[in-house]
Amino acid sequence: MQKLLTTLIVILALAVLLVLVAALFGSYTLVFDPPSDLNISQRLSLLPAITISAGVLVAILTFARERKKQELERQRHMSEVFLERVKDGFKAVIDLLSDQNNNRVTWVRAARTLLKSVELKAQISSEEYKVAYELEEERARNELYTILSLVDKKTGERVPLPPQFFYGIDDWRTCNSLDDAAIKASSSAVAYSVTIDEVPPQPHLRPLSPKSVVAIFDFVEYPKTYNDPLKSVGDWDDNWNTSHEIDQGARRYVAHTKKKLAVDGKLHNLGNRSSS
């Protein structure tokens, strides 16, 4: 409704502006390029109309400028509000999953909150807040990557969670078979009496909802349309021996990767090539 009203006001303002410009042009022509039968006094009588028209024109232009300024400020304020809601949503998702649990209900809640938070991106219209959203998304993606992976004790590398984890069983670290994990996660029929004194036990669904798993891991993965800022990073020259700052080791490493490549325990010379 607000957008419709604003559009109508703009259309009316443009219509009035066109009429005033036409009137102002006509009055100007009559005064400064009049017909031969128009005397001086008749010309001067048109000056108040020109002055009034010019004043109204200035007022309309000022009004239009202020309306645009107010609209931009409104968009900026709304973008700020939506960005704060996104930050709250991302934080809630991280808090729900930070203990690396495999609880079905928790994962469903986290996935719903994540999807709702990402949807708010469409409501952010100010460019500076769009950039801020991308940074928040990057931060949430990095934190979830850490939460949803394990550290290999032998190599120190981060490795994916095993598939047994997603069946919601407690011993997912030691259960070697997916079939066994599925059996352990299966629910059994339990008979109980319903009384006013006790709340009946809730059925325990162990396996995680596949849709919640897909939603969360799709977010963690970089999208195909991701614009990698690393592509814009330039290369170092080969003057590693002239560096005396904190980047000395890093420069030597980059220079070495341009000339050497180790494969299957053997070192190969590459010659000069640009690093990737």
Side-chain angles (χ1 to χ4, degrees), residues 1-7 68 70-152 157-169 172 178 181 185 202-233:
M1 186 63 183
Q2 180 66 30
K3 289 184 178 179
L4 178 61
L5 182 60
T6 302
T7 303
K68 182 177 181 180
Q70 291 175 6
E71 178 62 21
L72 290 175
E73 184 59 33
R74 187 189 71 83
Q75 290 180 5
R76 184 180 182 279
H77 174 69
M78 295 305 299
S79 295
E80 182 180 10
V81 170
F82 284 121
L83 178 62
E84 289 301 316
R85 300 292 77 78
V86 167
K87 292 166 66 175
D88 291 343
F90 285 163
K91 183 180 182 302
V93 173
I94 292 168
D95 289 344
L96 285 168
L97 301 178
S98 60
D99 59 351
Q100 209 172 64
N101 70 81
N102 57 354
N103 180 274
R104 179 187 177 93
V105 174
T106 302
W107 272 67
V108 167
R109 290 180 179 275
R112 287 171 177 168
T113 303
L114 180 62
L115 293 173
K116 289 293 184 182
S117 299
V118 173
E119 283 180 1
L120 292 179
K121 177 183 180 180
Q123 304 297 326
I124 300 176
S125 56
S126 296
E127 289 300 322
E128 62 268 33
Y129 287 102
K130 287 183 179 180
V131 174
Y133 169 86
E134 291 177 358
L135 290 174
E136 287 298 321
E137 188 178 73
E138 195 83 1
R139 181 185 62 81
R141 182 179 287 121
N142 292 339
E143 290 197 38
L144 286 174
Y145 171 79
T146 302
I147 293 170
L148 302 177
S149 59
L150 302 173
V151 177
D152 189 303
E157 299 288 339
R158 301 209 74 87
V159 296
L161 289 166
Q164 290 84 346
F165 170 90
F166 302 97
Y167 268 107
I169 60 176
W172 55 269
L178 273 178
Q202 296 295 308
H204 187 51
L205 300 176
R206 288 184 177 275
L208 301 186
S209 164
K211 287 186 178 294
S212 69
V213 174
V214 171
I216 291 172
F217 276 90
D218 273 354
F219 176 80
V220 175
E221 290 291 329
Y222 286 102
K224 294 180 179 179
T225 57
Y226 180 74
N227 185 19
D228 192 348
L230 288 176
K231 292 181 179 179
S232 63
V233 177

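Bear in mind that the values here come from a model prediction, so they are computed numbers and not experimental data. Scope of the values below: all heavy atoms of this structure, side chains included, with no hydrogens, waters or symmetry mates.
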Review point. Are L97 and I216 side-chain neighbours, meaning at least one heavy-atom pair lies under 4.5 Å?
Key: yes

Check your understanding: Under a 4.5 Å cut-off applied to non-hydrogen side-chain atoms, are K130 and E127 in contact?
Key -> yes

Check your understanding: Between F165 and W172, how do the two ring planes meet: parallel, tilted or perpendicular, split at 30° and 60°?
Key -> perpendicular

Check your understanding: CD of E84 to CG of L120: how many Å apart, nearest 0.5 Å?
Key -> 12.0 Å

Study note, to complete from the structure: When rounded to the nearest 0.5 Å, the distance separating CZ of R76 from CD of E128 is 5.5 Å

Practice item. Evaluate the ring planes of F90 and Y133, with Trp represented by its six-membered ring, and classify them as parallel (under 30°), tilted (30 to 60°) or perpendicular (over 60°). Key: tilted

Study note, to complete from the structure: Heavy-atom nearest pair, T106 first then N103, reads N-OD1, 3.0 Å

**Study point:** Gap separating the CZ atom of F82 from the OG atom of S125, nearest 0.5 angstrom
**Key:** 9.0 Å

Exercise for review: Calculate, to the nearest 0.5 Å, the distance between atoms CD and NZ belonging to E137 and K121 respectively.
Suggested key: 5.5 Å

Check your understanding: Which pair of heavy atoms, one from L96 and one from R109, lies closest together, and at what distance?
Key -> CD1-C, 4.1 Å

Check your understanding: What residue among E143, E138, R139 forms side-chain contact (heavy atoms from CB on, under 4.5 Å) with R141?
Key -> E138

Practice item. Search all heavy atoms of A181 against all heavy atoms of Q164 and return the closest pair with its distance. Key: CB-CG, 4.0 Å

Practice item. Run the numbers on Q75 and Y129 for side-chain hydrogen bond (donor to acceptor under 3.5 Å, both in side chains), then give the verdict. Key: CA-CA 10 Å; Q75 290 180 5; Y129 287 102; over 6 Å; no

Check your understanding: Considering all heavy atoms of both residues, which atom of L178 and which atom of P163 are nearest to each other, and what is their separation?
Key -> CD2-CB, 3.6 Å

Point to revise | side-chain contact (heavy atoms from CB on, under 4.5 Å) partner of V220, the single match among I147, L144, T146 | key: L144

Review point. If only atom types and distance count, is the side chain of R104 paired as donor or acceptor with the main-chain N or O of R206 below 3.5 Å?
Key: no

Review point. Quick check: does any side chain N or O of N102 sit under 3.5 Å from a backbone N or O of L208, one acting as donor and the other as acceptor?
Key: no

**Study point:** Salt-bridge contact K91-D88 (side-chain N to carboxylate O under 4.0 Å)
**Key:** no

Check your understanding: Taking all atoms of both residues into account, what is the closest heavy-atom pair of S126 and S79, and its distance?
Key -> N-OG, 3.1 Å

Review point. How many angstroms lie between CZ in R158 and CG in D152, if you round to the nearest 0.5 Å?
Key: 11.0 Å

Check your understanding: Y145 and Y222: aromatic ring centres closer than 6.0 Å?
Key -> no

Review point. How long is the gap from CD on Q100 to OG on S149, to the nearest 0.5 Å?
Key: 7.5 Å

Review point. Quick check: are there more than 12 heavy atoms from other residues, nucleotides or ligands sitting under 6.0 Å from NZ of K211?
Key: no

Study note, to complete from the structure: When every non-hydrogen atom of W107 is compared with those of S212, the smallest separation belongs to O-CB, 3.7 Å

Check your understanding: Got T113 and S117 here, is their nearest side-chain heavy-atom distance under 4.5 Å?
Key -> yes

